[in-house]
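Please read the structure below before turning to the comments.
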Amino acid sequence: MIDLVCGARPNFMKVDPVVRSLPEGLAFRLVHTGQHYDREMSQAFFEQLELPAPDINLGAGSASNTEQTARIMIEYEKVLTQGSSGLPELVVVVGDVNSTVACALTAARYNVPVAHVEAGLRSFDRRMPEEINRVLTDQIASLLLITSPEARGNLVREGRSSETVVMVGNPMIDTLLRLLPRAREAGARCPSGPFCLVTLHRPSNVDDPARLARIVAAMAATPDVEFLFPAHPRTMAAFEGSGLLSSLPGNLDLRKPMDYLSFIGLEERASAVLTDSGGVQEETSVLGVPCVTLRENTERPVTLSIGTNVLCPEPDELPGVLGEAIARRPAHPASIPFWDGRAGERIARAICSFLDRDGPGPDGGDSR
Ligand code: UDP
């Protein structure tokens, strides 16, 4: 039996292809940490992805990064030590959220091996809590499953053996490709003119009210584009605390977080996307939609070199950068190696091989 850990919005899209690909003979428990718990940040994804209900919910809830990580560790330790099923053979964690490092570290305390899906991504910016989560999880994990080639070099430079690294591709893109036809059918309403879909929730963009005000001012200075902004709860709280809500520009439509089908349907039809999200940089690359990332760096450089992504560190530069990005819209979506809708199968195969079990049939390509 293995544990598959998920807990926050981007995790569900990464775990789903693994759940779909594991062979019947390999039992798993889906462990939801409760890092995200609102219907719109959690339950709605289970329904649209048709994920099985979690077997275990740790109920961590919101807190500071430190407290949330600690709560997840305490609750997961109880699952490992007090359950009737004994220790799992492997704990699979995904991405870079607090749930990822918390469950990896707890498993390591009990000598349970850990597999990390999306290992080796690095922004090289340790001010980001996600970067700390990535580096620590990759030190703990015995099986490092990577989405893009530079991740292997990053891991080897940090002392990990190349033998523990397997290129599996991008499971989030499996989910995107699986559900895009349904999203198109659902046909969420979008503005009639040019529009920019926005997701911003990194502390570096939303925690400082002065920076948030500069972002809003940059949108106001781009009046020919409508900004459709489904705000993460953290971002909405920042808006509420900033006093900006009473004077939003007319071309900014600030809303609650969107369900996945509505979001990817609009993402595909947007003139451009403005984001600081990791997953959105990847999705827009595959969709061929210009993406402006409001950050100094990205842990996903392939989205800059092969994809459609550009970095824009300063909000004041946004009107110019966005205008250029929209004008340079590529004729075809990017084709990124291993981002082909089959990452789930490769992950399942790597897990089975690690556990010395029968897995899905051969891939036809050497992913080592
Ligand atoms: N997403 C969504 N609704 C929204 C905003 C984003 O379904 O209102 C999806 C998006 O398509 C992507 C994922 O959420 O699959 C990204 O999550 P998030 O930005 O929270 O995490 P990150 O990728 O930055 O870790």
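One-based numbering, in listed order, for ligands and for the atoms of each.
Checking side-chain atoms of Trp339 against main-chain N and O of Thr147 turns up a donor-acceptor pair under 3.5 Å. A donor-acceptor distance shorter than 3.5 angstrom exists from the side chain of Arg160 to the backbone of Asp138, with no hydrogens or angles considered. In this structure a side-chain-to-backbone donor-acceptor pair under 3.5 Å is missing from Glu317 to Cys312. In this structure a side-chain-to-backbone donor-acceptor pair under 3.5 Å is missing from Ser99 to Cys6.
Within the listing of ligand 1, atoms 16 (C), 18 (P), 19 (O), 22 (P), 23 (O), 24 (O) sit less than 4.0 angstrom from a heavy atom of Ser277. When each atom of ligand 1 is checked for a heavy atom of Pro230 under 4.0 Å away, the hits are 8 (O). Against a heavy-atom cut-off of under 4.0 Å, His201 is close to the following atoms of ligand 1: 18 (P), 19 (O), 20 (O), 21 (O), 24 (O). The ligand atoms of ligand 1 that sit less than 4.0 angstrom from a heavy atom of Gly278 are 22 (P), 23 (O), 24 (O). Atom numbering of ligand 1 starts at 1 in the shown order; those under 4.0 Å from a heavy atom of Pro257 are 8 (O). Heavy-atom contacts of Met172 reach the following atoms of ligand 1: 12 (C), 13 (C), 15 (O) (cutoff under 4.0 Å).
Between His201 and His232, the ring-plane angle classifies as parallel under the 30° and 60° cut-offs. Using bins of under 30°, 30° to 60° and over 60° for the plane-to-plane angle, the ring pair Phe239/Phe229 lands in the perpendicular bin.
Heavy atoms of Glu130 found under 4.0 angstrom from ligand 1: none, in either backbone or side chain. When heavy-atom distances to ligand 1 are checked against a 4.0 Å cut-off, Phe263 comes that close only through its side chain, counted from C-beta outward. Contacts with ligand 1 closer than 4.0 Å are made by side-chain heavy atoms of Met13 only, the backbone lying farther away. With a heavy-atom cut-off of 4.0 Å, Arg202 touches ligand 1 through its side chain alone.
Ion pairing of Asp16 with Arg178 is present here, as a side-chain N (NZ or NE/NH1/NH2) and a carboxylate O approach within less than 4.0 Å. A salt bridge links Asp340 with Arg346: the distance from a Lys NZ or Arg NE/NH1/NH2 to an Asp or Glu carboxylate oxygen falls below 4.0 Å. For Arg109 and Glu77, the salt-bridge test fails: no basic side-chain N is under 4.0 Å from an acidic carboxylate O.
The closest heavy-atom contact to atom 21 (O) of ligand 1, among the options Ala231, Pro10, Ser262, comes from Pro10.
Among protein heavy atoms, atom 15 (O) of ligand 1 sits closest to Glu283 OE2, 2.5 Å.
Between Arg9 and ligand 1, at least one N/O pair is under 3.5 Å apart. For ligand 1, the polar-atom distance check against Phe45 finds no nitrogen or oxygen pair separated by under 3.5 Å.
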